[in-house]
Asker: 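Before I ask anything, here is the structure I am working with.
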Amino acid sequence: MRDLLASALIMAALIGTWLVFDGYSQDELAGFSAVISAEIIPAVEEESWDEGLTLVRALDSRWHDYRRRALFFLETAEINEIDFALAKAEKYMQARDVSNSSGELNSLAEQLDYMQEKQHICTANIF
């Protein structure tokens, strides 16, 4: 009986930790996507390069904080793809290329939205 109780407590701790991370992850990913769509893309389209680069660097900093935690729970390949897209968007912005910058940022926002849907704990993603 003691083993069963210990197993149940360990399982509850694992599930609880995962649920806490899921809530945190959903909020962070939605926030990243919203910042890209509402602030960074308009700055790029207006060719406000200094403002856009400042916003992208702030997003990159927040992303790397999130990334350290997410690597424990999520697939590394998806996280790396977002890293690459963020780096490409920043380089396009440094080159002052409106078309490629906005395209890469839109792609990045879509990747974040897809990651949010795919990683959310629900029956559709479990089965």
Asker: Ignoring hydrogens and angles, tell me if any N or O in the side chain of S7 forms a donor-acceptor pair with the backbone of D3 under 3.5 Å.
Answerer: yes
Asker: Would F72 end up clustered with I79 when hydrophobic side chains under 4.5 Å apart are linked, directly or stepwise?
Answerer: yes
Asker: Between CD of E117 and CG of L112, what distance do you get to the nearest 0.5 Å?
Answerer: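 Going from CD on E117 over to CG on L112, the span is 11.5 Å.
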Asker: Of I82, L29, L71, which meets side-chain contact (heavy atoms from CB on, under 4.5 Å) against Y66?
Answerer: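 The residue from I82, L29, L71 that satisfies side-chain contact (heavy atoms from CB on, under 4.5 Å) with Y66 turns out to be L29.
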Asker: From E39 CD over to S48 OG, what is the distance, rounded to the nearest 0.5 angstrom?
Answerer: 12.5 Å
Asker: In Å, rounded to the nearest 0.5 Å, how long is the span from CG of L74 to CZ of R69?
Answerer: 13.0 Å
Asker: What about I15 and V20, same hydrophobic cluster or not, with Ile/Leu/Val/Met/Phe/Trp/Tyr joined at side-chain heavy-atom distances under 4.5 Å?
Answerer: no
Asker: If you round to the nearest 0.5 Å, how far is CG of L108 from CE of M115?
Answerer: 11.0 Å
Asker: Is R62 salt-bridged to E28, going by a charged N under 4.0 Å from an acidic O?
Answerer: yes
Asker: Which donor-acceptor pairs under 3.5 Å do side chains of residues 83-93 form with protein atoms, sequence neighbours excluded?
Answerer:
residue: D83; atom: OD1; partner: W63; partner atom: NE1; Å: 2.5
residue: D83; atom: OD2; partner: R67; partner atom: NE; Å: 2.4
residue: D83; atom: OD2; partner: R67; partner atom: NH2; Å: 3.2
residue: E90; atom: OE2; partner: R57; partner atom: NE; Å: 3.1

Asker: Distance check, rounded to the nearest 0.5 Å: R2 atom CZ versus L4 atom CG?
Answerer: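 Between R2 CZ and L4 CG, I get 12.5 Å after rounding to 0.5 Å.
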Asker: Is there a continuous path of hydrophobic side-chain contacts, each under 4.5 Å between heavy atoms, that joins V98 to I36?
Answerer: yes
Asker: Does the pair Q111 and E81 meet the rule for a side-chain contact (heavy atoms from CB on, under 4.5 Å), with working shown?
Answerer: CA-CA 9 Å; Q111 283 179 305; E81 285 180 28; 3.6 Å; yes
Asker: Could you check whether any side-chain N or O of N106 sits under 3.5 Å from a backbone N or O of S102, counting only pairs where one atom can act as donor and the other as acceptor?
Answerer: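 Answer holds: yes.
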Asker: Between Q26 and Q119, is any side-chain donor less than 3.5 angstrom from a side-chain acceptor?
Answerer: no
Asker: If you round to the nearest 0.5 Å, how far is CG of D60 from CZ of F32?
Answerer: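 It comes to 10.0 Å.
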Asker: Taking the side chain as every heavy atom from C-beta outward, state whether N100 and E104 have any pair of such atoms under 4.5 Å apart.
Answerer: no
Asker: Apply side-chain contact (heavy atoms from CB on, under 4.5 Å) to E51 and T54, showing your working.
Answerer: CA-CA 5 Å; E51 177 188 356; T54 301; 5.7 Å; no
Asker: So which atom in T17 and which in A13 form the shortest heavy-atom distance, rounded to 0.1 Å?
Answerer: OG1-O, 2.8 Å
Asker: Students often mix this up, so state it plainly: with edges at 30° and 60°, are the rings of F21 and F73 parallel, tilted or perpendicular?
Answerer: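 Correct class here is parallel.
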Asker: Please confirm whether the backbone N or O of S33 pairs with a side-chain atom of S37, one donor and one acceptor, at under 3.5 Å?
Answerer: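 Side chain of S37 to backbone of S33, a donor-acceptor pair under 3.5 Å: yes, one is there.
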